[in-house]
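The structure under discussion appears below in the form of structure tokens.
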Amino acid sequence: MDFLRDVLQEYGVRFEESQIEKTFRYLNELLNSPHNLTALRSLDSAVHKNVAEILIPLKHENLRGSLLDVGSGNGVPGLILAIFFPELKVTLLDSKEKAVQFLEHVVRKLNLENAAVVKERAENFSREHREEYDYATARAVARLNTLVEICAPAVRIGGKLLFYKGPSFEEELKEARKALDELKVELEEVRRYTLKTGEQRCLLVLRKTDRSPEKYPRRVGIPFKRPLL
Ligand SMILES: C[S@@+](CC[C@H](N)C(=O)[O-])C[C@H]1O[C@@H](n2cnc3c(N)ncnc32)[C@H](O)[C@@H]1O
């Protein structure tokens, strides 16, 4: 736990002791999970990539309201955000059974009252929950044009989409022009940062400016197979 505390302090992330304890329990569950839900094998890299990477670009914010994490998988970023922003109500969405089982197990073990797990495809969920959420988040789920299509319809006008990306984000932004335009989303800010591991990361902050047309998202699989270009 000291290592986790030290790393977050080095990055200037503020925390309470109970959040460190919950995060440590989560990381242990993840690294010992029989479901093989992470490529990370050491606590060291998990602290940087699954915790610090998520909190660094949000360290000056106090997120509150409702948040939909699309393709939560091993719980990143949704579970971490639920731990560090207790005033957020987080929906952890994934379509895979083994991810959902793991997420439900961790939510129960950590007694995380502000997180709920849903097994569904994002294309269906966003269509059924139009304009409901203050935030949508995702990491390592799809390219930006696909993400915008499957996430934006669930976000309210004025709400934000927060996407964690690597150095290829500029190319993805160019490719997503049509998707942003069609789904009524604008790029607000790019928060770039470097992890102590040397990796360059960024958080794309986008804002929804108007209702997304009813025809989006298209049916399951199409935003991935035929992304808006
Ligand atoms: C590579 S994992 C990333 C997990 C986590 N977000 C992270 O950053 O480590 C991608 C996850 O997205 C989920 N996923 C992909 N497409 C999806 C969709 N259309 N609807 C719901 N979940 C989806 C997959 O089941 C998988 O668990």
Side-chain angles (χ1 to χ4, degrees), residues 1-61 63 67 69-85 88 90 92-110 112 115 117 137-144 147 162-172 190-205:
M1 282 217 281
D2 286 347
F3 176 67
L4 172 61
R5 210 178 280 115
D6 292 348
V7 170
L8 292 186
Q9 256 160 5
E10 268 181 67
Y11 284 118
V13 172
R14 278 169 297 159
F15 52 79
E16 285 175 15
E17 214 34 54
S18 60
Q19 294 168 327
I20 293 292
E21 190 235 328
K22 281 189 173 140
T23 307
F24 188 69
R25 281 166 62 197
Y26 157 65
L27 291 174
N28 276 316
E29 292 292 335
L30 181 65
L31 292 168
N32 296 319
S33 163
H35 291 312
N36 193 25
L37 280 161
T38 179
L40 303 176
R41 282 288 153 254
S42 74
L43 186 63
D44 186 328
S45 44
V47 165
H48 286 283
K49 294 189 184 170
N50 279 8
V51 187
E53 175 175 334
I54 302 313
L55 297 174
I56 293 167
L58 297 171
K59 66 183 175 188
H60 300 301
E61 301 217 18
L63 302 186
L67 182 145
D69 184 34
V70 169
S72 284
N74 55 21
V76 181
L79 257 175
I80 299 298
L81 295 174
I83 293 173
F84 283 83
F85 296 99
L88 264 186
V90 177
L92 305 164
L93 179 73
D94 206 287
S95 55
K96 282 215 185 89
E97 183 61 30
K98 72 172 183 178
V100 166
Q101 271 181 19
F102 172 76
L103 293 168
E104 282 175 341
H105 169 73
V106 176
V107 166
R108 230 182 359 255
K109 267 229 127 139
L110 270 54
L112 272 182
V117 183
T137 51
R139 185 184 80 168
V141 176
R143 288 182 75 81
L144 185 59
L147 275 184
L162 307 174
F163 297 140
Y164 290 86
K165 289 282 175 189
S168 72
F169 76 91
E170 280 176 16
E171 197 188 307
E172 288 194 46
V190 179
R191 297 184 191 165
R192 296 168 205 241
Y193 52 104
T194 307
L195 297 178
K196 305 256 184 241
T197 54
E199 282 157 289
Q200 305 217 324
R201 308 293 306 163
C202 80
L203 180 70
L204 300 181
V205 181

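For reference, positions follow the sequence shown, starting with 1.
When the side chain to side chain contact (heavy atoms under 4.5 Å, CB included) test is applied to Glu10, the partners found at least two apart in sequence or on another chain are Lys196. Under the side chain to side chain donor-acceptor pair (under 3.5 Å) criterion, Asp2 pairs with Arg5, not counting sequence neighbours. Partners of Tyr164 by side chain to side chain donor-acceptor pair (under 3.5 Å), not counting sequence neighbours: none found. The side chain to side chain contact (heavy atoms under 4.5 Å, CB included) search around Lys165 returns Leu147, Phe169, Glu172, Cys202, Leu204, not counting sequence neighbours. Taking the side chain to side chain contact (heavy atoms under 4.5 Å, CB included) definition, one finds that Glu171 meets it with Arg143, sequence neighbours left out. Listed by chain and residue number, Glu199 satisfy the side chain to side chain donor-acceptor pair (under 3.5 Å) test with Thr197 (two or more places apart in sequence, or in another chain). Under the rule for a side chain to side chain contact (heavy atoms under 4.5 Å, CB included), the partners of Glu170 that lie at least two apart in sequence or sit in another chain are Arg192. By the side chain to side chain donor-acceptor pair (under 3.5 Å) test, Thr23 pairs with no residue at all, sequence neighbours left out.
Counting only heavy atoms from C-beta outward, the side chains of Lys49 and Val76 never approach each other to under 4.5 Å. A heavy-atom distance below 4.5 Å is found between the side chains of Val205 and Leu162. With a 4.5 Å cut-off on side-chain heavy atoms, Ile80 and Tyr26 count as touching.
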Worksheet entry | Audit row: Leu58, Leu63, side chain to side chain contact (heavy atoms under 4.5 Å, CB included) steps and yes/no | CA-CA 8 Å; Leu58 297 171; Leu63 302 186; 4.1 Å; yes
Worksheet item: After noting the C-alpha distance and the side-chain angles of Phe24 and Val51, does the key distance pass the side chain to side chain contact (heavy atoms under 4.5 Å, CB included) rule?
Response: CA-CA 10 Å; Phe24 188 69; Val51 187; over 6 Å; no
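Annotation for His48 and Val7: closest pair CE1-CG1, 3.8 Å, computed over non-hydrogen atoms. Nearest heavy-atom pair across Leu92 and Ala115 is CD1-CB, 4.3 Å. Of all heavy-atom pairs spanning Leu144 and Phe163, the tightest one is CD1-CD1, 3.5 Å. Contact detail for Ala138 and Pro77: the closest heavy-atom pair is C-CD, 4.4 Å.
Summarising the geometry, atom CG belonging to Leu43 is positioned 11.0 Å from atom CE belonging to Met1; distances are rounded to the nearest 0.5 Å. Remark: Gln19 CD to Phe85 CZ distance equals 8.5 Å, nearest 0.5 Å. Going from atom CG of Leu88 over to atom CD1 of Ile83 covers 12.5 Å, rounded to the nearest 0.5 Å. Lys59 contributes atom NZ, which lies 14.5 Å from atom CD1 of Ile54 (distance to the nearest 0.5 angstrom). The distance from atom CZ of Phe84 to atom CD1 of Ile20, rounded to the nearest 0.5 Å, is 5.0 Å. From Ser45, atom OG reaches atom CD of Glu53 across 12.0 Å, with rounding to the nearest 0.5 Å.
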Please tabulate, for the side chains in residues 101-109, all donor-acceptor contacts under 3.5 angstrom to protein atoms that are two or more places apart in sequence or on a different chain.
from: Gln101; atom 1: NE2; to: Glu97; atom 2: OE2; distance (Å): 3.1
from: His105; atom 1: NE2; to: Glu29; atom 2: OE1; distance (Å): 2.8

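No donor-acceptor pair closer than 3.5 Å links the side chain of Asn50 to the backbone N or O of Ala46. For Asp94 (side chain) and Gly73 (main-chain N/O), a donor-acceptor pair under 3.5 Å exists by modelled atom type. A donor-acceptor contact shorter than 3.5 Å is absent between the side chain of Tyr193 and the backbone of Leu203.
The number of heavy-atom neighbours closer than 6.0 Å to CD of Glu16, taken from other residues, nucleotides and ligands shown, is 12 or below.
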